[in-house]
Q: 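Starting off with a structure, shown below.
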Protein chains: 2
Amino acid sequence: MGVNMRDIATAAGVSMGTVSNVLNHPERVSPKLVERVQSHILRLGYVRNDAARQLRAGRSDTVGLVVLDLRNPFFTEVARGAELRGEEHGLNLMVTNSDDRTYRELTHIDRFEEQRVRGVLITPTPGGMERLHRLRDNGTPVVLVDRESRDLSFPSVSVDDVAGGYLATKHLLDSGRRHIAFVGGPLSIRQVADRLEGAQKAAAEVTGATVEFLGTPGLTVGAGRDVGRTLCERDAATRPDGVFSANDLLAVGLLQAFVMIGKLAIPDDIALVGYDDIDFAASTVIPLTSVRQPAEIIGATAVDLLVEIADNPTGTHDRVVFQPELVIRDTA
Amino acid sequence: MGVNMRDIATAAGVSMGTVSNVLNHPERVSPKLVERVQSHILRLGYVRNDAARQLRAGRSDTVGLVVLDLRNPFFTEVARGAELRGEEHGLNLMVTNSDDRTYRELTHIDRFEEQRVRGVLITPTPGGMERLHRLRDNGTPVVLVDRESRDLSFPSVSVDDVAGGYLATKHLLDSGRRHIAFVGGPLSIRQVADRLEGAQKAAAEVTGATVEFLGTPGLTVGAGRDVGRTLCERDAATRPDGVFSANDLLAVGLLQAFVMIGKLAIPDDIALVGYDDIDFAASTVIPLTSVRQPAEIIGATAVDLLVEIADNPTGTHDRVVFQPELVIRDTA
DNA sequence: GCAATTGGTTGGAACGTTTCAAGAAGGAGC
DNA sequence: GCTCCTTCTTGAAACGTTCCAACCAATTGC
């Protein structure tokens, strides 16, 4: 199948080198030949073979992105930002999701390495870090997304999650809440741990304030619903009066449970703050107070960082940290 | 950069053919050699070069997916279904989105063709059909997603959108509504046109029922909000008593406007039915009545179809049509 | 003991580009 | 008419795989 460069060369009565030049360096070829070759390309429907180009070039024009969860609108926005910015650099983006499973993440990284991608953008699971070091040492640039490397050995673009957690919790405390519940998990996800840390920091500043940790297996609507139900069953004494959830998906689930069961008034009996400010946060049963992160910009910045270190691998690693912002609506 | 097969062959004192066999057909190689070669592969950190494999093989293991809008959870689910099913077939998925712009769609198709992808799954814009025919005629299998080809010349997996529109509208009519507004657009998107057609069909069966078409530039939350505001400004006489929106994003926007302005009671003054039954539909201010489509299954089925026609290109084209299902909640 | 068979290994061609040194053609200067 | 420049164009060598015909031993059959 397929017309190749040789066919074009033969048809146009020129050498393959000339066809290649017409395609890649038209200025080196006389105008009349350019036109002749072009017409044959069109006539025969030639499509260049990317595999061959890559093989010759030794690298591809693809950037790999591994996100934790594609169903989370936050990551969709990140991907969108990365895709658009990548287009500007002539790069295309390959999006995959790990579902927070290390083995899936490793598979994706292997694939990317086999494809000699230009670089990898990733929100890693803890188990994947070692592999990432190897990937980087083998020459593939790596940028961490929404996650800083503990030892600062990778460039990263992230949001200050501790600050975000602090912001959310402080808002709850400011409205008089003292028994705060943090809903989220697993703690192996760095963002979750950081947001919890921020919450604890805020609580430490207020006498009498406590943070109760309510772990979840994941950051999904369903997990939030489950926790919401158990909270409704508690009596007023042991029930938290403020809930901060690690992301909006959880918050949506919590809210669903609260409203469905109908025992608790929001925000009077129990206040709720989410995280990410996804598009839907404004549209929930009771519009959700949430912490906003500049998702699309994060994706775009990650690509910029990648391009930068690809051009200049020896430079010190940039770490971009965005500050989150509290968006107050009706749940807290 | 990079260890290649020749390095392994030299190190292990065997030919490249043997190394290749260890990698691809271990059963052809004696156990002791397999082990020896493997150890050198591990020691030297050899990673195979996908470009070279592809060049040799003449095709890639990648399937391209072009969706209309990645921020729409419906398409995210489709992508997820396709990705998972693809993994089972040893294929990886490259997701791109066209944002309903033909030029972006064409760029993606060009890329996919250059990459000699195994096939393309696409929800096409009208302007892209001609290009798709050429792609297909050049030998790349194409499967339409959530869209049937008018002339049945492409295999497709879709949902009966006319039936979905009928279902939604009938439900509104059954509860006594007579002045139905259809919110959606552009009509160049087939799904939108079909859902409208279904709505009109349902209305035609009831005397006195009318369908008013309220066009939008896109299927986003923002567009829904705009329409919602203008509807609130109408007086009771000209205002529709039932609204059917072409997707849930629009419905969420409409709902936001209705609730924010607070002039209309839902569903008493105005009832609302959405489409797609995205995860968030259950969590909106007033839980949304919507038409459900099996998004993840659609993606998975598309991959199956692709694999099928790749194996047997001469067979007649399969067209899978799923039936939508009405999910009744509180807005209608 | 010789031919035929089996199981394992080898060498080299092919996949379709890009690149680059070297060649050809056409002018300009003297 | 000769040399010396330009300006294009060419031919062939990579890039790193996979595949396949040929080869080589070691069995087996008779």
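The analysis underlying the following values was restricted to heavy atoms, covering all of them including side chains, and did not include hydrogens, waters or symmetry mates. Letters A, B, ... mirror the listed sequences (proteins, then strands); counts begin at 1.
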Q: Could you tell me which residues satisfy side chain to side chain contact (heavy atoms under 4.5 Å, CB included) with R80(A), sequence neighbours excluded, listed by chain and number?
A: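 Per chain and number, R80(A) pairs via side chain to side chain contact (heavy atoms under 4.5 Å, CB included) with L84(A), E296(A), R71(B), N97(B), D99(B).
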Q: Would you kindly give the OH-to-C1' distance between Y46(B) and dG16(D), to the nearest whole Å?
A: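 Distance, rounded to whole Å: 7 Å.
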Q: Nearest whole Å is fine: how far is dC19(D) P from M5(B) CE?
A: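 The answer, rounded to whole Å, is 11 Å.
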Q: Among all residues two or more places apart in sequence or in another chain, which pass the side chain to side chain donor-acceptor pair (under 3.5 Å) test with R134(B)?
A: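 So R134(B) forms no side chain to side chain donor-acceptor pair (under 3.5 Å) with any residue.
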Q: For residues 89-96 of chain A, tabulate all N or O donor-acceptor pairs below 3.5 Å that involve a side-chain atom, not counting sequence neighbours.
A:
unit_1: H89(A); atom_1: NE2; unit_2: D304(A); atom_2: OD1; d: 3.3
unit_1: N92(A); atom_1: OD1; unit_2: T62(A); atom_2: OG1; d: 3.2
unit_1: T96(A); atom_1: OG1; unit_2: L65(A); atom_2: O; d: 3.2

Q: Write down the protein N/O and nucleotide N/O pairs, taken from nucleotides 21-26 of chain C, whose separation is under 3.5 Å; answer none if there are no such pairs.
A:
none

Q: Could you give all pairs that pass the side chain to side chain donor-acceptor pair (under 3.5 Å) test and reach residues 25-40 of chain A, with sequence neighbours left out?
A: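 Every side chain to side chain donor-acceptor pair (under 3.5 Å) pair that includes a residue of residues 25-40 of chain A, provided the two are not neighbours, is H40(A)-R43(A).
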Q: Using atom CD1 of I8(A) as one end and atom C1' of dT10(D) as the other, report the distance to the nearest whole Å.
A: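 The answer, rounded to whole Å, is 18 Å.
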Q: Please list every donor-acceptor pair under 3.5 Å in which a side-chain atom of residues 5-14 of chain A meets a protein atom from a residue at least two apart or in another chain.
A:
unit_1: D7(A); atom_1: OD2; unit_2: N4(A); atom_2: N; d: 3.1
unit_1: T10(A); atom_1: OG1; unit_2: R6(A); atom_2: O; d: 2.7

Q: Which parts of residues 19-34 of chain A get close to DNA chain C, meaning a heavy atom less than 4.0 angstrom away?
A: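 By residue number: S20(A), N24(A), H25(A).
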Q: Listed by chain and number, what are the side chain to side chain donor-acceptor pair (under 3.5 Å) partners of Q115(B), not counting sequence neighbours?
A: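 Here no residue qualifies.
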Q: List the residues meeting side chain to side chain donor-acceptor pair (under 3.5 Å) with T18(A), not counting sequence neighbours, and say none if there are none.
A: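 Side chain to side chain donor-acceptor pair (under 3.5 Å) list for T18(A), sorted by chain: S15(A).
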Q: Between Q115(B) (CD) and dG16(C) (P), how many Å, whole number?
A: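 It works out to 17 Å between those atoms.
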Q: Using atom types as modelled, flag every donor-acceptor pair under 3.5 Å from a side chain in residues 121-128 of chain A to any protein atom, sequence neighbours excluded.
A:
unit_1: T123(A); atom_1: OG1; unit_2: V145(A); atom_2: O; d: 3.0
unit_1: T125(A); atom_1: OG1; unit_2: T102(A); atom_2: OG1; d: 3.0
unit_1: T125(A); atom_1: OG1; unit_2: E105(A); atom_2: OE1; d: 3.1
unit_1: T125(A); atom_1: OG1; unit_2: E105(A); atom_2: OE2; d: 3.3

Q: With a cut-off of less than 4.0 Å, is there a side-chain N or O of S15(A) near OP1 or OP2 of dT9(D)?
A: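 Checking dT9(D) against S15(A), no side-chain N or O comes under 4.0 Å of OP1 or OP2.
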Q: Does any donor atom in the side chain of N49(A) or E114(B) lie under 3.5 Å from an acceptor atom in the other side chain?
A: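 No - no donor-acceptor pair under 3.5 Å links their side chains.
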Q: Evaluate the criterion side-chain contact (heavy atoms from CB on, under 4.5 Å) for residue pair F74(B) and V67(B); output intermediate values, then yes/no.
A: CA-CA 10 Å; F74(B) 170 73; V67(B) 298; over 6 Å; no
Q: Find the distance R116(B):CZ to dC15(C):P and express it as a whole number of Å.
A: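 Rounding to the nearest Å, CZ of R116(B) and P of dC15(C) are 14 Å apart.
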Q: Tabulate protein N/O versus nucleotide N/O from nucleotides 12-15 of chain D, keeping only pairs under 3.5 Å, one per line.
A:
none

Q: Grab the CZ-C1' distance between R36(A) and dC8(D) for me, whole Å please.
A: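 That distance rounds to 13 Å.
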Q: According to side chain to side chain donor-acceptor pair (under 3.5 Å), who are the partners of S188(B), at least two apart in sequence or on a separate chain?
A: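 Scan of S188(B) (side chain to side chain donor-acceptor pair (under 3.5 Å), adjacent residues dropped) gives none.
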